[in-house]
Undergrad: 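Can you read through this structure? Questions will come right after.
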2 protein chains.
Amino acid sequence: MRSEEPYKDKKVITIGVVRELTGLSDRQIRYYEERKLIFPVRSAGGSRKYSFSDVERLMVIADKIEDGVQTHEIRRELVQESKRSSKAEVRTMIQGQINAQFGTRRQ
Amino acid sequence: MRSEEPYKDKKVITIGVVRELTGLSDRQIRYYEERKLIFPVRSAGGSRKYSFSDVERLMVIADKIEDGVQTHEIRRELVQESKRSSKAEVRTMIQGQINAQFGTRRQ
DNA sequence: CGTGTAAGGAATTCTGACACG
DNA sequence: CGTGTAAGGAATTCTGACACG
């Protein structure tokens, strides 16, 4: 699932670079993690590593915060979104299997 | 030029992560820079930042070193390669402009 | 609730050099 | 030539806490 853009989800970016990329403060970035909105991995030494997807997600979060949405609510929204996209992915995958089986093509 | 894979060329990875990703030592990574084989950018504080392309390039370099090729020679090879690909890009771009003008399609 | 900040410590990175071969 | 290493310093990141509102 999701074979495109192999680099987008690799967690390799330190918080300092994320700060520059998003314009957010470290404090904000760490707080959104505390509120379960973002999930960096940790290096051996304990420093956080983010992916480009995480950076994009942080910008979405920052927009919502600015609109007055609370972290609690943002979490719900993001969970809903990820559910929707996994459904879409499953749909695509199943359709792909059907096509593979019967050689049909839509449209 | 090169609109695909927007993340591949962004220099956001610190040397520690490059070390993990490539299996090379810092010493090796810095030495290849000294020999003009790789060109990280610097953060405000002076630390090196690499892109995923750089990581791939480093793995190519490491392979050649292992084959006994000297950095001097590797530099020549890499320069040749980049010349070839810019030519290919120009060709693609020109063809794209021709197609845009005349609406032709090959094949 | 979301964010700034000062505090102290630990991990990360930097440079220039010596060593070996 | 290519790489390891010890050295000293500077930049980066970490956590827990106090503050404000």
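Here is the naming used below: chain letters follow the sequence lines, and residue numbers restart at 1 for every chain.
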Undergrad: 5'-most contact on DNA chain D: B/Gly46 or B/Tyr32, nearest heavy atom basis?
TA: B/Tyr32
Undergrad: Taking only side-chain N and O atoms of A/Arg35, does any of them lie within less than 4.0 angstrom of OP1 or OP2 on C/dT3?
TA: no
Undergrad: Judged by each residue's nearest nucleotide on DNA chain D, which is more toward the 5′ side, B/Ser43 or B/Val69?
TA: B/Val69
Undergrad: Assuming nearest nucleotide by heavy-atom distance, tell me which of B/Ile15 and A/Gln28 is located more 5' along DNA chain C.
TA: A/Gln28
Undergrad: Rounded to the nearest 0.5 Å, how far apart are OG of B/Ser86 and CZ of B/Arg91?
TA: 10.5 Å
Undergrad: With heavy atoms under 4.0 Å as the rule, sort B/Arg30 into base, sugar-phosphate or nothing.
TA: base
Undergrad: Is it the case that A/Asp9 and A/Ser51 place a side-chain donor and acceptor less than 3.5 Å from each other?
TA: no
Undergrad: Using a 6.0 Å cut-off, check whether atom NZ of A/Lys49 has over 12 heavy atoms from anything other than its own residue.
TA: yes
Undergrad: Please lay out, stage by stage, how B/Gln28 and B/Ser25 fare under the test side-chain hydrogen bond (donor to acceptor under 3.5 Å, both in side chains).
TA: CA-CA 5 Å; B/Gln28 289 173 304; B/Ser25 67; 3.3 Å; yes
Undergrad: What is the base-pairing partner of D/dA6, counting Watson-Crick and G-U wobble geometry with both distances under 3.5 Å?
TA: none
Undergrad: Under 4.0 Å: is that the gap between some side-chain N or O of A/Arg42 and OP1 or OP2 of D/dT13?
TA: no
Undergrad: I want to verify a distance call: between C/dT15, C/dT13, D/dT5, whose nearest atom is closest to the B/Thr14 side chain?
TA: C/dT13
Undergrad: Look through every strand shown and name the nucleotide pairing with C/dG16 as Watson-Crick or G-U wobble, where both distances are under 3.5 Å.
TA: none
